[in-house]
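Only heavy atoms go into these numbers, but all of them, side chains included; no hydrogens, no water, no symmetry mates.
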Amino acid sequence: MEAPSQFKGLAIGVVLAAGMGKRMNSHLPKVAHLLFGKPLVIWAIESLIKADVKKLVVVISPAQKIVEQIIAERSFQENIQIKFAYQENPLGTGHAARCGVEVARHSFSKEIDENLNAKILIAYGDTPAVEGETFRDFLNYHSAQNHSFTVLAFLAKNPFGYGRILTDKNNNFLAIHEEKDCNDEEKKINLCNSGFLCANFSDIENILPQLKNDNSAKEFYLTDAPFISRSSGKKVGYMIGEDESEFLGINSQEQLAEMEIRFQKKYNTK
């Protein structure tokens, strides 16, 4: 398979980090918890930086000043620009992404206007194991395929709990269905959504205001954005990540402890 062309344009990372993480049973925001000596959100930011993403927006709750402080006190290269977006109310991933994209537009407007092919990479502050190389491959693939949106997918050994990626007979992207919305046949699908998303800036800026919250949780789901884009005639696809373990999110102290063991094995052997 021919390697995708190297992405050379403007890529802005939007890190969703506003969740309080009640299952952590801690006074700390979830992304402020330490993993192998470093806050979760810092792992996420540094992976994006390794993929040459130099402009970032971190979406936090206004109540999470400690997260802002952790990032502000961290030493990054001088050419790295990090801004903050505040999600006043927890209205879902789609709403959080919209908060981040709006701040990106405000903060980096000149660069966006000068780069007509500017991209947005949506990442997560509680998912620390994604390699910078994976993000770089993701940006390259999205750009080479001329997609409007590209979903980062993986093949799950046990897909229970994950959103499933629905495809047609030619394996073209159709939609993402969450576990609770899947019928019995769809639950057998092991092509799963990691949550990570790459999009053309102009497309995601146009699509996010179109999201609806007509669901039981009354939330705006980011997973609806690729479907809306495809329905409007845009080209939408997915890239399959090689290592399922990269996409494990941290939602409990038990999962944090398991990831700590993984990181100890990984980094102590280097």
Side-chain angles (χ1 to χ4, degrees), residues 1-7 9 11-16 44 47-48 51 53 93-94 97 101 117-124 127 129-179 181-183 185-204 206-208 210-211 221-249:
M1 180 178 168
E2 188 177 332
S5 59
Q6 182 73 19
F7 176 69
I12 300 169
V14 172
V15 181
L16 306 188
S47 289
L48 286 167
V53 177
T93 52
V101 169
N117 294 317
K119 313 299 182 193
I120 282 277
L121 201 166
I122 304 288
Y124 295 85
T127 310
V130 183
E131 298 283 355
E133 186 178 352
T134 300
F135 282 143
R136 189 180 296 115
D137 290 345
F138 191 32
L139 281 165
N140 290 343
Y141 182 84
H142 172 80
S143 182
Q145 296 295 318
N146 291 316
H147 287 162
S148 167
F149 283 78
T150 305
V151 176
L152 185 50
F154 64 96
L155 296 170
K157 296 182 181 70
N158 175 13
F160 179 78
Y162 291 112
R164 309 303 204 279
I165 295 179
L166 309 189
T167 59
D168 63 18
K169 62 182 180 182
N170 295 317
N171 293 321
N172 294 311
F173 176 91
L174 293 178
I176 300 169
H177 278 190
E178 298 302 328
E179 168 86 24
D181 299 321
C182 289
N183 60 37
E185 280 304 304
E186 291 169 351
K187 286 179 180 177
K188 296 176 184 176
I189 296 170
N190 70 338
L191 181 64
C192 295
N193 174 36
S194 71
F196 294 90
L197 191 69
C198 193
N200 298 337
F201 191 93
S202 57
D203 290 325
I204 196 168
N206 177 53
I207 291 291
L208 290 179
Q210 299 180 42
L211 297 180
Y221 293 137
L222 184 59
T223 47
D224 289 339
F227 173 77
I228 294 171
S229 185
R230 178 186 170 275
S231 299
S232 71
K234 299 275 190 174
K235 188 179 179 186
V236 175
Y238 56 89
M239 185 187 93
I240 300 177
E242 293 182 10
D243 185 357
E244 176 185 350
S245 67
E246 282 189 62
F247 310 119
L248 294 173

Item to complete: Please indicate whether Glu242 has more than 12 foreign heavy atoms, meaning atoms of other residues, nucleotides or ligands, lying under 6.0 Å from its CD.
Response: no
Item to complete: Taking all non-hydrogen atoms of both residues into account, name the closest pair between Thr127 and Gly249 and its distance.
Response: OG1-CA, 3.9 Å
Worksheet entry | Distance, nearest 0.5 Å, that separates CD of Glu186 from CD of Glu178 | 11.5 Å
Worksheet item: If you measure from CD1 on Ile176 to CG on Leu197, what distance do you get to the nearest 0.5 Å?
Response: 7.5 Å
Item to complete: State, yes or no, whether a side-chain contact exists between Val53 and Leu139 at a heavy-atom distance under 4.5 Å.
Response: yes
Worksheet item: If you take all heavy atoms of Gln210 and Ile228, which pair is closest and at what distance?
Response: OE1-CG2, 3.7 Å
Worksheet item: What distance do Asn190 atom CG and Glu244 atom CD have between them, rounded to the nearest 0.5 Å?
Response: 9.0 Å
Fill in: Minimum heavy-atom distance between Val101 and Ile120, given as atom pair plus value
CG2-CD1, 4.4 Å
Worksheet item: Backbone N or O of Val130 within a donor-acceptor pair of the Ser47 side chain at under 3.5 Å?
Response: yes
Worksheet item: Just by distance, do the side chain of Glu246 and the backbone of Glu131 share a donor-acceptor pair under 3.5 Å?
Response: yes
Practice prompt. Decide yes or no for Ser143 and Asn117: does some side-chain heavy atom of the first lie under 4.5 Å from some side-chain heavy atom of the second?
Written response: no
Worksheet entry | Step-by-step side chain to side chain contact (heavy atoms under 4.5 Å, CB included) determination, Tyr238 to Asn171 | CA-CA 10 Å; Tyr238 56 89; Asn171 293 321; 3.6 Å; yes
Discussion item. Measuring from atom CD1 of Ile12 to atom CD1 of Ile204, what distance do you get when rounded to the nearest 0.5 angstrom?
Written reply: 10.5 Å
Practice prompt. Considering only NZ, NE, NH1 and NH2 on the basic side and carboxylate oxygens on the acidic side, decide whether Glu185 and Lys188 come within less than 4.0 Å.
Written response: yes
Worksheet item: Roughly how far, to the nearest 0.5 Å, is OG1 of Thr223 from CG of Asp181?
Response: 9.0 Å
Worksheet item: For the residue pair Phe173 and Gly237, what are the closest heavy atoms and their distance?
Response: CB-CA, 4.1 Å
Worksheet item: What residues form a side-chain contact (heavy atoms from CB on, under 4.5 Å) with Asn172, not counting sequence neighbours?
Response: Asp168, Asn170
Worksheet item: Of the non-hydrogen atoms in Ala97 and Leu222, which two are nearest, and what is the gap between them?
Response: CB-CD1, 3.9 Å
Worksheet item: How would you list, by chain and number, every residue that makes a salt bridge (charged side-chain N to carboxylate O under 4.0 Å, His left out) with Asp224, sequence neighbours excluded?
Response: none
Give the table of side-chain donor-acceptor pairs shorter than 3.5 Å for residues 149-161, with sequence neighbours excluded, one pair per line with atom names and distance.
residue: Thr150; atom: OG1; partner: His142; partner atom: ND1; Å: 2.7
residue: Thr150; atom: OG1; partner: His147; partner atom: ND1; Å: 2.8
residue: Asn158; atom: OD1; partner: Phe160; partner atom: N; Å: 3.3

Worksheet item: Hey, are the side chains of Lys119 and Asn200 touching, using non-hydrogen atoms and a 4.5 Å cut-off?
Response: yes
Worksheet item: Is the backbone of Lys187 close enough, under 3.5 Å, to the side chain of Arg164 for a donor and an acceptor to pair up by distance?
Response: yes
Item to complete: Mark yes or no for whether Ser232, through its side chain, and Ser229, through its backbone, hold a donor-acceptor pair below 3.5 Å.
Response: yes
Worksheet item: Which class fits the ring pair Tyr124 and Phe196: parallel under 30°, tilted 30 to 60°, perpendicular over 60°?
Response: perpendicular
Worksheet item: Can you check whether Phe227's main-chain N or O pairs, donor with acceptor, with Ser231's side chain at less than 3.5 Å?
Response: yes
Fill in: Interatomic distance, Leu248 atom CG to Ser194 atom OG [nearest 0.5 angstrom]
11.0 Å
Worksheet item: If you look at every heavy atom in Leu166 and Ile189, which pair is closest and at what distance?
Response: CD2-CD1, 3.5 Å
Practice prompt. Report the C-alpha distance between Ser245 and Asp243 in whole Å, list the side-chain angles of each, state the deciding distance to 0.1 Å, and finish with yes or no for side chain to side chain donor-acceptor pair (under 3.5 Å).
Written response: CA-CA 5 Å; Ser245 67; Asp243 185 357; 2.7 Å; yes
